[in-house]
Each structure stands twice: as structure tokens, then as C-alpha cells.
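All of these numbers come straight from a predicted model, not from anything done at the bench.
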Amino acid sequence: MILFNEANPIKIVIADDHEIVRVGMKKLLSFSKILQILDEASNGIELIEKCKIHQPNVAIVDIFMPKMTGIEAIPKIRKESPDTFIIMLTAFEDLHHVELALSVGADGYLTKGVSSNIIQEAVLKVVNGERVFSKSIMKLIRDQRMTYDQTNDENVALTKRENEILKLVAEGKSNKQIAEELQLSVRTVETHRHNLIKKLGIKNASQLVKFAVLNSINKSETETECDKEINFKNEID
């Protein structure tokens, strides 16, 4: 685990198509001495290039941007800057966009109403391997989990290895990363994932990610509480 401090700050790239939001975010995060804003981007293509150049520890990304959305950019960022953690910071507050973001490997999903302290806390958590969600998103996920639990009466027995892989899928790990962590071949991991999809009665890899996240989130480990609603645009002055 990398030790971050004032001498070795967490390096961040931010992406949003609204300049006023980028300015506000930079101002809010500049109060922390262990966070360093390296650069900013106004669209998905620019974001990929900035991440390729800077190899930041964290990218804070809006979803709706011109040329390429934040969600579309994530797989390309993973290729160009594989060690970069990605936090979505967006106005979209619905399960559809949450699931899309998680399915392509986002490490967190925050809404733009959260305070600067929540964003700073989220950055610290993701570099330590946690997934982070704002309070409103956690409520959506928990409500969805309750719905799933109420409609799924069939007990499915998973092996120890399948549970290990499901946990790593929930953490956003790729097949290669899972293989390295569990000392397996990539093909073996792919086989386990295929078996999980079949055993759980779901349709595809995206739904496997959704299932894994909904069934592994623990409030004490992953919830980023948002007790104070603050609008970025109102904090710039």
C-alpha cells in the first residue's frame, strides 16, 4: 500500500464539461495538503489523454460530457492508466447509471450535492481499495437489494472460490487482477465467472457485477456518508 502525505500527495485529474464546476472542485479540494490536482478535462477524449500523460492516482469524472461520456471513457482509461482509480461525480442519481458505471469498472459513485469533505474522504478510501458511494446512492442500492431479496426465493450454493471471485468482482477487479490475486489463470477466472452467471440465473457479465455489488456492500466498509448538501456552483465565490 502506498503511503500518501504532503511530500507524496494523491494525484488527481478532474473531468467535467462545465468550467464553473471544475473551478469549484479544484478550490474545494485544494484545502487538503495530501491532494494534488494535476490537470482537468472538459470531455471524455481529453480525459483519456490527460490520464495517459499524468498517470494519476485518481480521476474524478462526470458522466455526461461531449465527444465521449465518462462511462465510455472508463475502459480506455483502464488501458492507458491501469493504476488510476475512478470516481464518478455526477448529477445522475439512478440505478441505471450506477450499474453502467460499475459494470465498466468505476471505483465509486458520488452525486454532485456532496460536500468537499465527502469527496476528500472518498478519494482516500478508493486509493485504499474501497468502493465509495454517496448516501443517496447507497439508499438506491439497498432498496434494490431488498427488492432482489424479496423476489429471489431460491437458495444458491456457491463454492468458496466462487465467493472469493464474486467479492473481487464487486470490488471492480478485472479478470487479470482476480487471477493475480488468487494465483489462478485468467482462463480459470473466466470459467468461474461463466459458472456464476449460469448458477445465479443472470444474463451477462454486466448483471454479474450488479449482483456482486448489491450482495456485498457493507455500510461500515463502503458507505461514504453525506450529511450535508452543498452545491459546487454556490461554493466558488
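Here Leu166 contributes atom CG and Leu208 contributes atom CG; the two are 6.0 Å apart, rounded to the nearest 0.5 Å. Here the CD1-OG distance, from Ile119 to Ser32, works out to 12.0 Å after rounding to the nearest 0.5 Å. To the nearest 0.5 Å, atom CG of residue Leu168 and atom CG of residue Leu182 are 5.5 Å apart.
A salt bridge does not link Glu49 with Lys52: none of the charged nitrogens is closer than 4.0 Å to a carboxylate oxygen. Remark: Lys50 does not engage Glu46 in a salt bridge, criterion side-chain N to carboxylate O under 4.0 Å. The pair Arg22-Asp62 does not count as a salt bridge, with every side-chain nitrogen at least 4.0 angstrom from each carboxylate oxygen.
Every pair tested for ring pair (Phe, Tyr, Trp, His ring centres under 6.0 Å) that includes a residue from residues 48-88 fails, sequence neighbours excluded, so the list is empty. Note on residues 64-85: pairs passing salt bridge (Lys or Arg N to Asp or Glu O under 4.0 Å), not counting sequence neighbours, are Arg78-Asp107.
Residues passing the side chain to side chain contact (heavy atoms under 4.5 Å, CB included) test with Ser30: none are found, sequence neighbours excluded.
Connection of Leu95 to Ile137 is established within a shared hydrophobic cluster, with ILVMFWY side chains joined at heavy-atom distances below 4.5 Å, either directly or through further cluster members. Ile34 and Val132 fall within a single hydrophobic cluster, where Ile, Leu, Val, Met, Phe, Trp and Tyr side chains are chained together by heavy-atom contacts under 4.5 Å.
Side-chain contact check for Asn195 and His192: no donor-acceptor pair (N or O, by modelled atom type) lies under 3.5 Å. With no hydrogens or angles considered, a side-chain donor-acceptor pair links Ser185 and Thr188 at under 3.5 Å.
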